[in-house]
**Q** 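Here it is, the structure in full.
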Amino acid sequence: MRTANPRTIVIWTLVALVGAAGWTVLALSRGEEVSAAWMVAAALGSYAIAYRFYAKFIAYKVLKVDRTRATPAERLNNGIDFHPTDRRVLLGHHFAAIAGAGPLVGPVLAAQMGYLPGTIWIIVGVIFAGAVQDMVVLFFSTRRNGRSLGQMAREEIGPFGGAAALLATFVIMIILLGVLALVIVNALAQSPWGTFSIAMTIPIALLMGFYLRVLRPGRVAEVSLIGVALLLFALIAGRWVAESSWADTFTLAPSTLVVWMVGYGFIASILPVWMLLAPRDYLSTFMKIGTIFLLALGVVIALPTLKMDPVTDFASRGDGPVFAGSLFPFVFITIACGALSGFHALISSGTTPKMIQKETQVRMIGYGSMLMESSVAVMALVAASIIDPGLYFAMNAPAGVIGDTVQNASQVVGSWGYQISPEALARAAENVEESSLLSRTGGAPTLAIGVSEIFSEVTGGGLRAFWYHFAIMFEALFILTALDAGTRVGRFMLQDILGNVHRPFRNISWKPGLLITSAVVCGLWGYFLWVGVHEPLGGINQLFPIFGISNQLLAAVALAVCTTLLVKSGRLKWAWITGVPLAWDATVTLTASWQKVFSSDPKVGFFKQRQVFQDAIDRGEVLPPAKSMDDMHTVVTNSTVDGVLTAVLALLIVVVIVDATRVCVRHVRRPALSTLSEAPYVESKITAPAGLFPTKEEKEEERRAVAEASSQSSAGVQ
């Protein structure tokens with residue numbers, strides 16, 4: 001066993017001290033100004049310690065990853081869905097696929113409760129729950145030929161609990177995709193700059209895919225430089241387009257964007273992964289990581305102070321204008337993806353295990369990508385917390401609450417204890433070249449304001465509008481990559497389900513099944529997107545709670561499957577690694593589900609909300625923010641659908657957890673009755689590093705592999 005040298009001990013001691021200092025300042029500050037840099041220090045120090053020690057412990061001690069074992073990408077390579085992919089490209093794809101609306105929108109909305117609760121959950125939650133789930137699911141799916149989460153549940157838990165898991169995961173997936181798409185529509189609607197820039201990423205990605213596959217195979221550095229250069233050009237050109245006669249062509253209404261989004265999702269789902277999905281995600285990763293890095297750097301340089309309270313009064317009262325409900329459980333539900341995300345388990349058991357080269361890479365790709373996403377959530381929370389709280393609430397409260405004039409908004413926000421003048425609200429909009437910032441719900445515009453605030457402190461106030469629109473485009477690109485990968489995973493899931501009825505569907509590359517299931521998945525999430533766009537109460541306000549609950553319920557399924565597999569594979573003493581997060585997640589999410597279904601507060605409970613609006617319809621009244629009787633009927637329908645879905649999904653998850661518990665208890669008592677569906681061992685012929693940078697041993701192994709291949713080639717010629 002290797003012992004750490006003094007230099008390593010000193011380095012990691014300093015890292016730990018930086019993180020501890022950040023936590024100390026955040027926890028003990030009362031009333032005085034606190035720099036956002038301390039939040040960044042607490043996050044980065046904690047992430048580094050967790051990845052170096054906890055993630056390594058799980059990968060090598062608990063999971064026992066095997067570098068000699070061939071992965072499904074190597075054994076089943078077909079060039080369509082199974083394809084061994086360079087770890088750097090796959091890291092980009094996986095991060096881009098998992099990093100959707102959640103880490104951008106959730107923390108911004110959760111800032112309503114103050115910056116401290118969100119910071120604690122984002123960092124602690126990802127280290128002990130979110131990143132662990134992603135890595136363990138990826139490992140077990142890789143050992144099972146890239147099986148989906150639902151199919152693994154069916155095979156390992158049993159037909160009853162497995163069927164509940166299959167149905168729940170698919171329905172939840174559809175809801176998640178619909179809300180992801182809704183955030184994109186809200187960001188791009190009436191924005192020619194953003195729409196043009198996002199549209200250009202598609203041909204750029206296709207060029208990169210063919211370059212890497214046909215023109216210059218393996219030249220990752222070359223294609224990266226080309227892609228980044230073209231992406232920056234698309235961003236700059238977007239401003240030219242917005243100021244030209246082409247602006248009207250790229251100024252799309254929300255309904256039109258819905259059609260384009262569904263069409264894009266279908267095409268991205270059926271094309272080979274190397275052609276569009278992987279290069280597009282890899283391309284967007286440069287922008288995602290680069291922007292987050294620059295944000296962190298901007299915070300360190302500008303040292304903006306946190307203007308939001310550490311904990312607001314809304315945390316205890318539960319009557320916040322951004323979302324209703326108390327701190328427990330709704331701050332955890334709202335933050336969602338930034339700390340723990342069931343959606344990630346679908347990617348970790350969807351596209352990624354079919355592309356990973358070596359088992360040893362699950363730590364970097366599974367755990368590491370989730371830490372990267374959590375850092376995005378921290379920066380989103382920073383951005384929301386450094387702007388004037390009055391502006392924050394004016395942007396995130398629905399129009400039906402604050403009205404549509406700056407005078408009325410100023411008065412209403414002031415009644416909540418956050419003063420901001422009408423002139424300040426109007427000036428904030430002028431600074432970013434927007435007609436108004438009132439009721440720009442959904443989180444994306446608020447994050448963009450925070451980003452422009454940080455960057456303009458470094459580069460000068462004259463670029464504030466540029467940075468605002470840059471951030472809007474960044475957010476749309478960020479989320480769209482999760483949408484296309486998610487649609488493909490949804491197709492895999494539906495093929496798994498239908499394969500139990502009609503066997504040809506089990507071949508995920510079977511053309512008729514591929515086309516049928518892609519169309520069905522896009523049509524289903526397209527319905528939720530259409531509903532969200534036309535929702536009188538505000539699509540994001542109505543759908544984000546069910547998005548958060550569904551996402552966390554899905555995480556409960558993933559953690560239940562992981563815990564079951566740890567027990568059945570002889571790792572009972574390590575089952576707490578996923579079992580403890582499962583217990584916490586189930587407690588929080590089932591509590592939230594109960595409140596959303598049965599609460600007597602119409603702002604919280606779906607069925608109570610339905611009753612209030614139905615009673616008004618019976619009296620012939622129109623309640624704000626509805627503007628017509630048609631709007632009233634829409635609210636009643638959507639509240640009913642949301643309430644029924646929440647109740648059914650919570651019941652399905654309870655079934656999964658109970659059945660998983662039964663299987664674990666049975667295994668402990670009678671291990672001989674248990675079976676594992678793990679694929680048989682096949683020796684790997686691929687040589688690839690486990691991390692981003694190869695170790696000395698891995699470099700030596702690579703040299704030996706090249707020399708051996710060269711000698712075999714020479715022998716063949718002779």
Side-chain angles (χ1 to χ4, degrees), residues 89 92-93 95-97 99-101 104 180-181 183-215 222-254 256-269 271-291 294 433 444 448 451 465-485 487:
V89 175
H93 158 74
F95 171 67
L104 296 175
L180 287 174
V183 177
I184 300 172
V185 169
N186 287 345
L188 293 184
Q190 311 302 332
S191 175
W193 186 348
T195 302
F196 174 82
S197 300
I198 292 299
M200 286 301 296
T201 63
I202 298 173
I204 293 172
L206 289 170
L207 171 64
M208 290 176 65
F210 279 99
Y211 190 95
L212 206 54
R213 174 84 173 189
V214 180
L215 300 178
E222 286 181 18
V223 80
S224 300
L225 291 173
I226 293 170
V228 170
L230 291 174
L231 182 64
L232 292 174
F233 176 76
L235 175 62
I236 296 169
R239 189 172 197 175
W240 300 338
V241 168
E243 296 170 351
S244 72
S245 58
W246 286 12
D248 289 343
T249 304
F250 290 93
T251 304
L252 303 180
T256 307
L257 280 168
V258 170
V259 177
W260 281 106
M261 296 283 291
V262 172
Y264 169 76
F266 176 78
I267 293 171
S269 177
L271 289 178
V273 285
W274 61 265
M275 189 180 295
L276 177 61
L277 191 68
R280 192 180 185 287
D281 290 352
Y282 180 61
L283 172 66
S284 70
T285 298
F286 280 101
M287 186 166 182
K288 291 179 178 183
I289 296 176
T291 302
L294 290 175
E433 297 180 14
V451 169
F466 172 83
W467 289 124
Y468 173 83
H469 287 91
F470 166 82
I472 289 290
M473 193 274 287
F474 157 75
E475 292 171 276
L477 179 62
F478 204 106
I479 299 165
L480 193 58
T481 53
L483 184 70
D484 51 26
T487 301

**Q** State whether the side chain of Ser244 and the backbone N or O of Val241 hold a donor-acceptor pair below 3.5 Å, judged by distance alone.
**A** yes
**Q** Looking only at heavy atoms, which two atoms of Ala247 and Ala242 are closest? And how far apart?
**A** CB-O, 3.5 Å
**Q** What I want to check is whether the side chains of Tyr468 and Glu433 have a donor and an acceptor closer together than 3.5 Å.
**A** no
**Q** Side chains of Thr487 and Tyr264: does their closest heavy-atom pair fall under 4.5 Å?
**A** no
**Q** Compare every heavy atom of Ala237 with every heavy atom of Phe196, then report the nearest pair and how far apart it is.
**A** CE2-CB, 3.7 Å
**Q** Measure the spacing between CG of Leu231 and CD1 of Ile226 and express it to the nearest 0.5 Å.
**A** 13.5 Å
**Q** Can you measure from CD1 (Ile198) to CH2 (Trp260) and round to the nearest 0.5 angstrom?
**A** 15.0 Å
**Q** Once the angle between the rings of Phe250 and Trp246 is folded into 0 to 90°, is it parallel (under 30°), tilted (30 to 60°) or perpendicular (over 60°)?
**A** tilted
**Q** Work out which heavy atom in Gly227 is nearest to a heavy atom in Met208; give both atom names and the distance.
**A** CA-SD, 3.8 Å
**Q** Do Leu207 and Leu230 make a side-chain contact, defined as non-hydrogen atoms from C-beta onward lying under 4.5 Å apart?
**A** yes
